[in-house]
Amino acid sequence: MRKDNNTKTGVITPKSEEDLRKMITKKNIEKRYFKQSKLKEVKLKIFLRQYEYYQLIEQTIRNQNNTMLNDDDIERWDRQISHPLIDQKKIRDARVVVFGVGGIGTNVLLGLIYSGVHNFILIDHDKIELSNLNRQTLYTPEDVGKIKVKKAKERLLKINPNANIEIHNININYPKELNILEINEAEYLRDIDEINKIIKTNDYIINALDLFGAPYLINDLCIKNRKPFYWGVVNQTTGDLFNYYPEETACLRCIFGDKYLRFRTNKQSVFNSLKKTGNIGDVVIATGSIISQNIINDICGYINSSRGHFIIVDLFNYEIIKIPVIPHKQCQCRKYFQK
Ligand SMILES: [Zn+2]
């Protein structure tokens, strides 16, 4: 093995299959307590997949990009810059919008800001409650009663004072019956022009609003503006996740149809059911963390086999279930595929 060309990072990366083989000798793997042959086999497969990453990426381009960072940034993100999938400059320059800075939103934000994303727009209208604090990790007890987007901004700036954070304390009230994919733009733009502009001018949209038709509004606007969005909710012990990619994957309407809207129709019953069934902190944190890593992968241009799948993460049984979903024949989103 030899040192990486980028001496600032001081990284040692395998440059050939031979290098990697040295790293993953039978002896090394055994040292890592994999005495059982099945475990050894699986671990070897993972090591080889990691090697493929190195082959996938044009290392020279990565290094050139990373040298466009300033010295502080290189030092701060040194440990991840060393990974060939990471393009720190792209991460720094990405523009992320978070609709809903609650359980999912705060944890996605934590993952992204620690990864080096600098540009955020936060949208929410809630105030912080004491009962939020088991899972909404940007807030502390002294924040109770304060406006979420303001406190989220303060905390994020403590983590990275160089971040650019724009906040909107607005309530997205979206009539559940409305499907803006079915009406012409002039009609809907009057009411939601501001939200439309935000989506249009940014790159990655986190759809973490948990109210009535609002996730569908974001769904529809992302389809119209051809922007990817990332959606997730927590149901008791599992996190449900889905990413939308324009003209490629199913949308929320393809998956849930009207059932989702009906479920969200009665606010009180949803609220009571959440209180009754619980919203377990670690499940929310893990779900947010998976979404955050998904966004980082997309920013860096790494497409994995989860694309087009609905993902269920069951933390109580250590299971991740991937279910392929395809665009629904009758969904309005399909008419945007050809344009
Ligand atoms: Zn659809």
Side-chain angles (χ1 to χ4, degrees), residues 96-100 104-105 108 123 172-189 191-235 238-265 270 287 290-291 294-295 297-299 303-313 320-339:
V96 175
V97 184
V98 184
F99 287 98
I104 296 289
V108 176
I123 299 137
I172 299 181
N173 244 330
Y174 185 59
K176 64 185 173 54
E177 301 82 8
L178 193 60
N179 179 342
I180 60 168
L181 297 175
E182 287 176 335
I183 59 178
N184 77 52
E185 288 197 10
E187 284 177 65
Y188 80 81
L189 276 181
D191 299 331
I192 48 172
D193 190 33
E194 195 183 347
I195 299 162
N196 191 51
K197 270 187 201 149
I198 290 171
I199 290 178
K200 204 175 212 155
T201 53
N202 288 280
D203 309 320
Y204 303 92
I205 318 296
I206 295 146
N207 191 351
L209 290 163
D210 196 17
L211 285 168
F212 312 107
Y216 276 10
L217 172 70
I218 311 306
N219 179 79
D220 296 351
L221 290 176
C222 284
I223 291 169
K224 277 185 175 272
N225 290 300
R226 291 174 174 74
K227 299 285 179 178
F229 74 75
Y230 305 80
W231 173 90
V233 290
V234 168
N235 290 314
T238 66
D240 294 352
L241 302 108
F242 175 74
N243 302 344
Y244 165 77
Y245 298 99
E247 298 176 38
E248 190 186 326
T249 63
C251 76
L252 284 184
R253 291 184 188 278
C254 293
I255 298 170
F256 294 107
D258 290 331
K259 272 188 190 167
Y260 182 65
L261 291 178
R262 274 201 292 274
F263 173 70
R264 299 283 158 182
T265 302
V270 172
T287 305
I290 292 170
I291 295 173
N294 255 296
I295 296 170
N297 291 346
D298 286 342
I299 292 171
I303 299 170
N304 65 36
S305 59
S306 299
R307 199 169 269 222
H309 287 67
F310 191 88
I311 309 221
I312 299 170
V313 185
I320 296 184
I321 303 153
K322 293 194 214 175
I323 305 156
V325 281
I326 52 167
H328 195 281
K329 263 187 275 180
Q330 278 144 13
C331 185
Q332 293 292 323
C333 71
R334 287 183 71 108
K335 71 180 180 197
Y336 291 87
F337 270 52
Q338 303 305 326
K339 285 183 188 173

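Every number for a ligand or one of its atoms is a count from 1 in the order of the listing.
Shown are the protein N/O/S atoms under 2.8 Å from the Zn ion (ligand 1), given by residue and atom: C251 SG, C254 SG, C331 SG, C333 SG.
Judged by distance alone, with hydrogens and angles left aside, the side-chain atoms of K227 form no donor-acceptor pair with the main-chain N or O of I205 at under 3.5 Å. Using modelled atom types, no side-chain atom of R226 and backbone atom of E247 make a donor-acceptor pair closer than 3.5 Å. In this structure a side-chain-to-backbone donor-acceptor pair under 3.5 Å is missing from N219 to P215.
Remark: F99 pairs with no residue by the ring pair (Phe, Tyr, Trp, His ring centres under 6.0 Å) rule, at least two apart or across chains.
A perpendicular orientation is assigned to the rings of F310 and F256, their planes being inclined by more than 60° (bins at 30° and 60°).
Screening N294, N297, D298, T249 against N243 for a side chain to side chain donor-acceptor pair (under 3.5 Å) leaves a single residue, N294.
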